[in-house]
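Just so you know, ligand 1 is whichever comes first in the structure, and atom 1 is the first atom listed for that ligand.
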Amino acid sequence: MDGSIATLAARLRDGGFVAAEEEAALLVAAVGADAVALEAAVRRRLDGEPLAWIVGRAVFCGLPVVVHTGVYVPRPHSEALAWRAVEALPVRGVAIDLCCGSGAIAAVLRHHRPEAVVVACDVDERAVACARANGLDARAGDLLGAVPQRLRGGVDVLVGVVPYVPTPALPLLQRDTFRFESARSYDGGPDGTAILRRVLREARSLLRPGATVLLELGGDQHELLQAELHRLGYQVDPPLLDEEGDVRALVARTAAQ
Ligand SMILES: C[S@@+](CC[C@H](N)C(=O)[O-])C[C@H]1O[C@@H](n2cnc3c(N)ncnc32)[C@H](O)[C@@H]1O
């Protein structure tokens with residue numbers, strides 16, 4: 001195989017990849033000039049495998065993030081949530097990146113708040129290993145059960161991209177999603193709010209007064225959660241909106257003392 005970037009890009013373009021030139025350059029940079037390895041990498045990509053798994057990294061909020069095969073690839077649409085979490089985190093505060101996957105959000109927090117305590121949590125051991133490869137303090141466990149005892153009651157920022165896709169909508173996700181990624185990253189129950197509700201309930205005892213909770217969501221989930229947020233005593237800030245004006249994340253605070 002001719003391993004020039006132009007030739008690889010042509011094959012990727014024929015395979016329907018829009019950013020073919022960019023992807024070809026990334027593949028060559030990651031795999032090197034070995035023709036056999038390069039051919040294997042291109043075939044994986046043409047088969048629909050996430051680019052980040054093949055090259056072993058992604059860029060999130062301008063930072064390089066290690067992404068192991070099998071671990072959710074951080075998405076550009078979650079970057080606004082990460083930036084908002086940075087804003088909310090005091091210089092020496094405590095933050096939890098819940099359902100961290102590769103730990104991309106935690107990595108952004110640590111980069112911009114190097115004196116803060118940042119802990120990344122995920123139920124999937126592969127995600128925890130990947131977050132550790134990103135140099136993070138990562139813990140394995142079911143939702144907030146993974147948060148270290150010593151931090152309970154002292155958390156300033158809880159941020160998460162928890163599974164929030166309604167179960168009936170899972171078949172509508174991109175064709176390749178479940179050929180490569182696990183439904184556990186996405187499935188949020190009948191209306192997508194099952195895990196969000198659990199997090200909001202269980203977080204109360206972890207958060208300090210005046211703490212901020214930032215959770216990605218979609219569709220009408222922000223409305224669906226209003227009663228629960230008020231019942232649990234959260235103060236609700238305006239949600240994060242995307243460029244189309246759709247709600248992308250809830251922002252809530254615990255009452256200041
Ligand atoms: C949509 S991914 C988000 C990953 C990361 N925050 C990001 O944006 O790149 C959701 C993650 O939630 C994790 N997860 C699913 N159920 C969980 C649970 N009960 N407790 C902890 N983590 C869970 C999955 O393993 C997956 O890594």
Test side-chain contact (heavy atoms from CB on, under 4.5 Å), reference Ile96, set Asp156, Val157, Val119, Val213, output is Val119
Exercise. When you check the gap from the basic side-chain N to the acidic O, do Asp137 and Arg110 get nearer than 4.0 Å?
Worked result: no
Contacts for ligand 1, heavy atom under 4.0 Å, by chain and number, are Tyr72, Pro74, Cys99, Cys100, Gly101, Asp122, Val123, Asp124, Gly141, Asp142, Leu143, Val161, Pro163, Arg184, Ser185
Between the NE2 atom in His222 and the CG atom in Leu240, the distance rounded to the nearest 0.5 Å is 9.0 Å
Q.
Could you check whether Arg204 makes a cation-pi contact with Tyr234, meaning its NZ or CZ is under 6.0 Å from the centre of the six-membered ring and within 45° of the ring axis?
A. yes
Of Val118, Asp97, Leu214, Leu98, the one forming a side-chain contact (heavy atoms from CB on, under 4.5 Å) with Ile105 is Asp97
Value for CZ (Arg57) from CG (Leu51), rounded to nearest 0.5 Å, stands at 12.0 Å
